[in-house]
Amino acid sequence: IMETKITGKGRKIMKFCTTLIAVRDMERSLRFYRNLFGQEVTQDLGWNKTLTCGLTLQEHFDELAGFPAETMKYQPNTMELYFETETFDEFLTLLLEYPDVKLLHEPKTFPWLQRGVRIFDPDGHLIEVSESMYSVACAQFRQGKTVAETAGLIQHPQHVVEAWYLEYQSESVDKTAEVKCPNPAKQ
């Protein structure tokens, strides 16, 4: 839950709680999100189930919202759910086990060097799964790129890339005392 810092007479008056998507078949949707994304139900209200990531699935949304069922539009292509993973290649291997999952496009590399794929859930909701930008930055560090070069290549602010570099350095040192990475921040 993200709280908004709007106050009225010293009290918070607004907070964002969840993203809710309409689903036609709850069990089919639960299998999809459980099998491909490792999501479990954290709150079960029957027709309404919240998943580990905070996403809420809602069956019979037309009845809840009070509009005609025939006005429900699935696969609207007006929003996407976005997931990142440190193990993109493993996700692609898992995805091959589900040939019925419809792809918007094959896995590709975006101009900011991040690899990603867009798929549709059983109700046509667009989902992007991409490697984490931290992973993208680390690949550049391994190639000897400086923080400034990496920031330019991956189109992220330099202060963000600097923080990632420090994390990358600490991970490299933790894995083996022999690993010595050059400090791109000083180059």
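All residue numbers refer to positions in the sequence shown, counting from 1.
- Counting only N and O atoms by type, the side chains of E86 and S135 include a donor and acceptor under 3.5 Å apart.
- Taking the six-membered ring where tryptophan is involved, the planes of F37 and F32 are tilted, since the angle between them lies from 30° to 60°.
- Cluster annotation: L96 is not connected to I127 through the hydrophobic network of ILVMFWY side chains, with a link wherever side-chain heavy atoms come within less than 4.5 Å.
- For the atom pair NE2 of H125 and CG of N77, the computed distance is 11.0 Å after rounding to the nearest 0.5 Å.
- Every residue was checked against the ring pair (Phe, Tyr, Trp, His ring centres under 6.0 Å) condition with F88, not counting sequence neighbours, and none meets it.
- Both cation-pi conditions hold for R24 and Y74: the charged atom is under 6.0 angstrom from the six-membered ring centre and inside a 45 degree cone around its axis.
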Note to self: Evaluate H156 against W164 for ring pair (Phe, Tyr, Trp, His ring centres under 6.0 Å), listing each step before the verdict.
What the structure shows: CA-CA 11 Å; H156 272 60; W164 287 341; 5.4 Å; yes
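- The CG atom of N48 sits 10.5 Å away from atom CD of E59, with the distance rounded to the nearest 0.5 Å.
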Checklist line | K49 and Q43: CA distance, side-chain angles, deciding distance, side chain to side chain contact (heavy atoms under 4.5 Å, CB included) verdict | finding: CA-CA 6 Å; K49 295 181 182 5; Q43 181 171 305; over 6 Å; no
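- Checking T50 against T56 by side-chain atom types alone, a donor-acceptor pair falls below 3.5 Å.
- A salt bridge links E40 with R34; the closest basic N to acidic carboxylate O contact falls under 4.0 Å.
- Ring geometry, Y168 versus Y165: the interplanar angle falls from 30° to 60°, so the pair is classed tilted.
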